Amino acid sequence: MRVIEAKDYADLSRKAANVISAQVILKPHAVLGLATGSTPIGTYKQLIEWYKKGDIDFSAVKSINLDEYVGLMGDNEQSYRYFMNENLFRHININLEHTYVPNGVAADPEEECRRYDALIEEVGGIDLQLLGIGHNGHIGFNEPGQAFEKTTHIVKLGESTIQANARFFESIDDVPRQAITMGIKSIMQAKKLLLIANGPDKKEIVEKALYGPVTPSVPASILQFHPNLTVITCFE
Ligand code: PGA
């Protein structure tokens with residue numbers, strides 16, 4: 001595990017974008033695992049800037065997102081598909097048809113989970129997976145207490161996650177209660193992992209996850225076992 005302490009959020013964003021950019025330069029048809037949340041926004045902004053300068057070409061890249069709320073269409077402003085389109089995809093030359101986010105309104109959500117697992121296999125697995133971390137140690141929407149061996153599945157969101165995400169909705173009642181998420185097993189199968197954590201409120205959980213016991217009550221603690229994990233933090 002490599003842990004890099006960034007000076008500030010801009011530095012964290014630049015460093016994370018550098019890691020992603022190196023991946024795309026080394027393997028132009030890379031499969032990037034992407035994440036939503038407030039932390040990656042600066043990373044995506046930096047990638048867009050470098051794309052506009054002509055430094056990165058996303059034309060052969062494929063992307064696979066971690067998760068999506070159940071019940072939200074892709075054109076809903078709170079959906080993760082919408083977030084990705086707005087914060088990254090529509091500003092770069094990635095082929096939108098090669099960007100994958102679970103379908104939150106699939107008629108059969110269980111079937112959608114199987115389809116998503118098959119898709120990850122079809123594209124040859126994820127080369128580099130970007131991850132944020134929740135205050136309860138969740139990665140993707142893998143909430144505390146769930147088995148480590150799950151692939152894509154449907155989850156009930158934990159109370160702290162609902163509260164944390166309420167800031168993006170008009171009221172807490174509007175926050176969906178379920179999501180489709182890649183499981184810990186799917187995440188651990190990515191060839192490389194890049195975890196980013198920003199802000200003093202993330203310090204305690206990051207330390208627990210990286211240096212504490214590996215336990216399903218802290219889902220991110222399993223990352224200690226990944227052979228190629230990079231963590232970039234800024235706790236200022
Ligand atoms: P954040 O979310 O980047 O908005 O803090 C991280 C997460 O919950 O995974």
Side-chain angles (χ1 to χ4, degrees), residues 6 8-17 19-20 32-47 63-70 72 77-84 86-88 101-102 104 126 128-146 150 152-153 155-169 172 175-184 186-188 190 193-210 216-223 226 229-236:
D8 51 30
Y9 179 65
D11 188 37
L12 176 152
S13 301
R14 247 185 344 261
K15 285 181 160 62
V19 173
I20 296 172
L32 299 178
L34 298 178
T36 52
S38 44
T39 316
I41 290 178
T43 306
Y44 295 152
K45 280 209 172 104
Q46 185 64 75
L47 289 173
S63 73
I64 306 240
N65 262 74
L66 283 170
D67 46 17
E68 179 62 283
Y69 289 116
V70 168
L72 299 192
E77 288 181 19
Q78 310 305 338
S79 75
Y80 287 170
R81 159 55 73 182
Y82 189 91
F83 175 101
M84 289 310 302
E86 287 305 300
N87 287 290
L88 183 64
V101 180
I126 295 167
L128 173 65
Q129 175 68 56
L130 179 64
L131 297 167
I133 181 168
H135 293 107
N136 60 4
H138 75 202
I139 42 177
F141 269 132
N142 293 281
E143 300 285 37
Q146 290 177 50
K150 289 202 175 167
T152 307
H153 62 289
V155 285
K156 229 176 120 217
L157 303 191
E159 203 44 50
S160 81
T161 303
I162 292 171
Q163 272 169 23
N165 291 7
R167 67 189 196 274
F168 302 112
F169 291 81
I172 193 159
V175 184
R177 268 31 188 184
Q178 286 189 315
I180 297 180
T181 186
M182 267 167 53
I184 298 283
S186 340
I187 293 170
M188 288 296 281
L193 298 180
L194 174 60
L195 176 75
I196 52 176
N198 179 54
D201 53 317
K202 292 284 173 77
K203 190 170 197 280
E204 194 183 331
I205 190 63
V206 169
E207 284 171 357
K208 233 169 136 177
L210 300 185
S217 63
V218 182
S221 62
I222 189 77
L223 302 181
H226 195 281
L229 168 67
T230 302
V231 183
I232 307 178
T233 62
C234 168
F235 300 133
E236 295 304 306

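Just follow the structure's listing: the first ligand is 1, and inside any ligand the first atom is 1. Just so we're clear, the structure is a prediction, and the values are computed from it rather than from any experiment.
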Problem set entry | Top protein contact for atom 6 (C) of ligand 1, by heavy-atom distance | Ile133 O, 3.5 Å
Problem set entry | Protein heavy-atom partner closest to atom 5 (O) of ligand 1 - residue, atom, separation in Å | Lys202 NZ, 2.6 Å
Problem set entry | Closest non-hydrogen atom pair between Ala197 and Val206, with its separation | CB-CG2, 3.5 Å
Exercise. How about His138 and Thr181: do any of their side-chain heavy atoms sit closer than 4.5 Å?
Worked result: no
Problem set entry | Nearest heavy-atom neighbours spanning Ala220 and Ile133 | CB-CD1, 3.7 Å
Problem set entry | Ligand-side contact atoms (ligand 1) for residue partner Ser38, heavy atom cut-off under 4.0 Å | 1 (P), 3 (O), 4 (O), 5 (O)
Exercise. Is there a donor-acceptor pair under 3.5 Å between the side chain of Asp67 and the backbone N or O of Met182?
Worked result: no
Exercise. Is there a side-chain contact between Asp8 and Glu236, using heavy atoms and a 4.5 Å cut-off?
Worked result: no
Problem set entry | Side chains of Leu131 and Leu66 in contact at under 4.5 Å (non-hydrogen atoms) | yes
Problem set entry | Side chain, backbone, both or neither: Asn198 near ligand 1, heavy atoms under 4.0 Å | neither
Seminar exercise, completed: For Gly132, the ligand 1 atoms with a heavy-atom partner under 4.0 Å come out as 9 (O)
Exercise. Does an N or O from Thr36, backbone or side chain, lie closer than 3.5 Å to an N or O of ligand 1?
Worked result: no
Problem set entry | Heavy-atom side-chain contact between Met84 and Tyr44 under 4.5 Å | yes
Exercise. Counting from 1, what ligand 1 atoms have a heavy atom of Gly37 closer than 4.0 Å?
Worked result: 3 (O), 4 (O)
For this session: Evaluate the ring planes of Phe169 and Tyr69, with Trp represented by its six-membered ring, and classify them as parallel (under 30°), tilted (30 to 60°) or perpendicular (over 60°).
Result: perpendicular
Exercise. Heavy atom of His135 under 4.0 Å from ligand 1?
Worked result: no
Problem set entry | Residue Arg167 vicinity, atoms of ligand 1 by number, heavy atom under 4.0 Å | 4 (O)
Problem set entry | Which of the ligand 1 atoms, numbered from 1, are nearer than 4.0 Å to a heavy atom of Thr39 | 1 (P), 3 (O), 5 (O)
Exercise. Among all protein non-hydrogen atoms, which one is nearest to atom 9 (O) of ligand 1, and what is the separation to 0.1 Å?
Worked result: His138 NE2, 3.4 Å
